[in-house]
Chemist: 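Encoded as structure tokens, here's the structure I'll be asking about.
Position 1 is the first residue of the sequence; numbering continues from there. As a basis for the values below, the full set of heavy atoms in this structure was taken, side chains included, without hydrogen atoms, waters or symmetry mates.
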Amino acid sequence: MAPAAQPANPTLRDLLRAGIGVPVGMLAVLAMLVLPLPPLALDVLFTFNIALSIVIVMAVFYVARPIEFGVFPTVLLLATLLRLALNVASTRVVLLNGHTGDQAAGHVIHSFGAFVIGGNFAVGVVVFVILTIINFVVVTKGSGRISEVSARFTLDAMPGKQMAIDADLNAGLITQDEARTRRSEVRAEADFYGSMDGASKFVRGDAVAGILVLFINLVGGLAIGTLGHGLTLANAARTYTLLTIGDGLVAQLPALLLSTAVAIIVTRMSRPQDMGGELRRQLFGNPKAIGVAGALLGVMGLIPGMPNFVFLSIAALCGAAAWTLQQRRNAPPPPKPPAPPPAPENKELSWDDVQPVDRLGLEVGYRLVPLVDAKQRGDLLGRVRGVRRKLSQDLGFLVPAVHIRDNLELAPNAYRITLGGVPIGEGVIHPDRELALNPGRVFGPVQGIATRDPAFGMEAIWIEPASRDHAQTLGYTVVDPGTVIATHLSALIQAHAHEILGHEEVQQLLNLVAKTAPKLVEDLTPKVLSLAALVRVLQGLLAEQVPIRNMRTILETLAENAPRSTDPAVLLGQVRIALGRQIVQDIAGPLSEVPVMSLDADLERLLTGALTSNAANPTLEPGLAEKLQQRLSESARRREVAGEPAVLLVPPALRAPLAGFVRSSVPGLQVLAWNEIPHNRKVRLVTTVGR
């Protein structure tokens with residue numbers, strides 16, 4: 001095959017697309033520090049520098065979020081280097097050719113100098129010094145301080161933001177891709193403000209350099225003009241002062257623009273916003289503020305000796321603006337179209353009028369209705385859909401829809417979660433606040449309403465939205481009211497998953513497995529095992545926090561053991577053995593050794609005799625049950641403090657009755673049988689529980 005034709009000589013556009021435009025420009029800037037430039041080149045470069053500064057300010061003003069202009073610190077550095085290189089080049093031209101006249105450094109420097117001086121050199125020097133002081137003392141110093149504080153607060157708040165993202169992901173409110181995107185935004189925000197902290201030092205150093213260059217040009221120009229070229233002191237002062245002031249002003253104007261751009265971008269909030277619209281709404285959107293300002297101006301305009309016409313004119317404009325804004329606020333909303341008349345009730349009652357009970361329901365008080373109403377920017381419906389999606393993937397079956405409705409019998413800020421029409425959880429929400437959760441280690445208190453997280457009982461505080469960043473800096477995990485309800489709903493669905501799973505859901509799972517393994521489903525049910533028995537086995541797995549994602553393994557195990565026994569308890573034990581690798585993985589994660597607790601030999605014999613003597617209804621003597629609960633709770637708490645899972649390893653005969661015993665009395669404790677530990681996992685005995 002003939003080789004492909006080589007492209008023609010690359011054009012300037014091709015070179016820029018190849019990414020070499022910026023390096024070449026950087027080399028050109030460095031070359032300006034050494035090579036002399038003609039006056040015409042200085043005119044072009046100074047004009048380009050001013051235009052570049054204006055473009056940067058406009059880009060900063062119109063960008064929606066600061067991190068969307070993430071290259072700004074680098075742009076700031078390059079623009080500062082360009083300006084410093086132009087200072088060096090113009091200084092060389094001024095000192096070498098200043099004796100030839102005030103046009104020696106080009107038309108731009110001459111025009112700026114003549115405009116500012118206006119025939120009075122003292123005025124020119126004073127104006128230039130004032131501009132430099134404004135840039136150095138006010139704008140640059142303030143923006144540098146804000147950059148430093150923003151960088152520190154952003155870095156301190158990173159752990160809280162990461163924990164909030166993990167909480168939303170675990171609750172099913174966001175997907176893995178959304179969580180990855182939000183984590184990258186958090187990292188980008190921290191990198192941006194950290195870079196701005198360093199880049200602000202460039203601007204401050206540039207302001208100092210501008211002052212030094214001014215004095216160097218003045219002193220050096222006078223010395224060279226009088227001693228080197230024989231000019232009189234008056235002529236040398238006139239020429240070199242004009243050139244120096246023009247050179248300094250041409251450099252300080254872009255520096256002031258860039259300092260303003262830095263101040264604007266570091267004082268903006270991190271969330272997306274239309275800056276022009278926000279200024280108009282927040283600053284000039286309050287008719288009371290404009291009216292009071294107009295009244296004060298009117299009073300000042302009536303004082304004798306004041307510029308009455310100007311004050312009264314502006315007062316009249318403020319009054320007219322305030323009246324117009326107030327009229328717009330008081331204007332009634334457009335009338336809604338009339339509702340169609342209800343149809344006459346002529347039909348007889350039927351079974352369709354008997355409403356079934358909702359499997360899952362969420363009732364909210366009237367103050368929480370905006371959280372559900374999408375027209376009022378409520379996102380609770382979307383969060384509930386995210387919870388259903390996440391739990392359906394984790395549990396292994398489709399979680400039914402959650403019916404949300406308002407309930408006037410509830411308190412205005414209360415909500416209630418129901419299962420089959422029966423309440424299983426409730427809580428109180430402050431829709432105008434956010435919940436700051438204490439993950440166990442915080443660095444200070446925050447002001448708010450003390451409470452507890454309704455999902456897990458963690459200590460929490462309802463705080464004002466303005467205190468969110470401060471609370472995250474102190475280590476709190478801050479979530480909005482919709483996330484609180486969605487997290488509570490997710491926890492309750494997981495705890496009651498075995499009650500939600502029914503015959504219809506199991507039949508749908510069988511139909512799904514039948515698409516890939518039709519013979520397995522056909523041979524198992526209803527030939528060997530009834531659908532009701534299969535439902536009881538799957539419900540038993542969910543009651544013990546074992547997902548049923550691996551339906552094929554579950555059905556294969558049942559098909560193998562159901563011919564010998566159809567007892568759901570026996571089949572459940574066999575299925576747990578088959579799912580041992582999954583169960584241990586969910587409990588211990590990637591740990592090579594599983595830390596476990598075991599029973600003392602005497603206690604194990606006592607429990608074996610008490611619980612296996614009456615297999616149909618295993619019971620414990622009350623005193624023994626209380627002591628056992630206390631010992632297991634203490635051991636589980638120590639494992640939690642150590643950051644390890646609480647696992648009790650027992651003989652197979654004791655696993656089922658002990659699992660039922662600790663399910664409500666010792667939450668968080670997992671009971672495993674010896675034969676459920678896979679061969680590739682090792683166990684490490686951490687403690688023994690005795691009587």
Side-chain angles (χ1 to χ4, degrees), residues 21-22 25-26 29 45-87 108 112 127-154 185 188-211 213 247-280 282-283:
V22 174
M26 187 68 184
V29 169
L45 291 175
F46 276 125
T47 306
F48 170 76
N49 189 26
I50 295 174
L52 177 63
S53 302
I54 296 174
V55 170
I56 293 174
V57 172
M58 292 298 101
V60 167
F61 192 86
Y62 288 112
V63 73
R65 301 176 61 190
I67 60 174
E68 292 181 7
F69 198 4
V71 75
F72 179 67
T74 303
V75 172
L76 187 64
L77 171 62
L78 296 178
T80 303
L81 290 178
L82 173 61
R83 189 165 57 254
L84 293 176
L86 287 175
N87 272 340
V108 173
F112 272 86
V127 171
F128 177 79
V129 171
I130 290 175
L131 288 177
T132 305
I133 291 175
I134 291 174
N135 185 21
F136 178 71
V137 177
V138 181
V139 181
T140 303
K141 189 173 183 180
S143 61
R145 178 59 178 166
I146 294 175
S147 300
E148 180 182 352
V149 174
S150 299
R152 186 173 72 247
F153 280 5
T154 302
E185 289 180 356
E189 184 179 1
D191 294 341
F192 174 79
Y193 284 108
S195 299
M196 284 303 304
D197 184 23
S200 61
K201 304 298 188 297
F202 299 145
V203 180
R204 187 170 185 178
D206 179 52
V208 176
I211 298 175
V213 169
D247 182 22
L249 186 62
V250 170
Q252 283 302 311
L253 180 61
L256 183 60
L257 290 175
L258 284 185
S259 301
T260 306
V262 173
I264 290 175
I265 202 167
V266 298
T267 53
R268 295 185 61 176
M269 292 181 291
S270 58
R271 64 172 180 263
Q273 59 174 335
D274 176 10
M275 192 170 180
E278 290 296 322
L279 284 174
R280 184 174 62 254
Q282 298 182 26
L283 186 59

Chemist: For the side-chain contact (heavy atoms from CB on, under 4.5 Å) test, which of L86, N49, L52 pairs with P254?
Modeler: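 Option passing the side-chain contact (heavy atoms from CB on, under 4.5 Å) with P254: N49.
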
Chemist: Could you tell me which non-hydrogen atom of A261 sits nearest to which non-hydrogen atom of V60, and how far apart they are?
Modeler: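 Nearest pair, atom of A261 first, then V60: O-CG1, 3.6 Å.
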
Chemist: Any idea which heavy atoms bring V57 and L257 closest together, and the distance?
Modeler: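 The pair with the smallest heavy-atom distance is CG2-O, 3.3 Å.
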
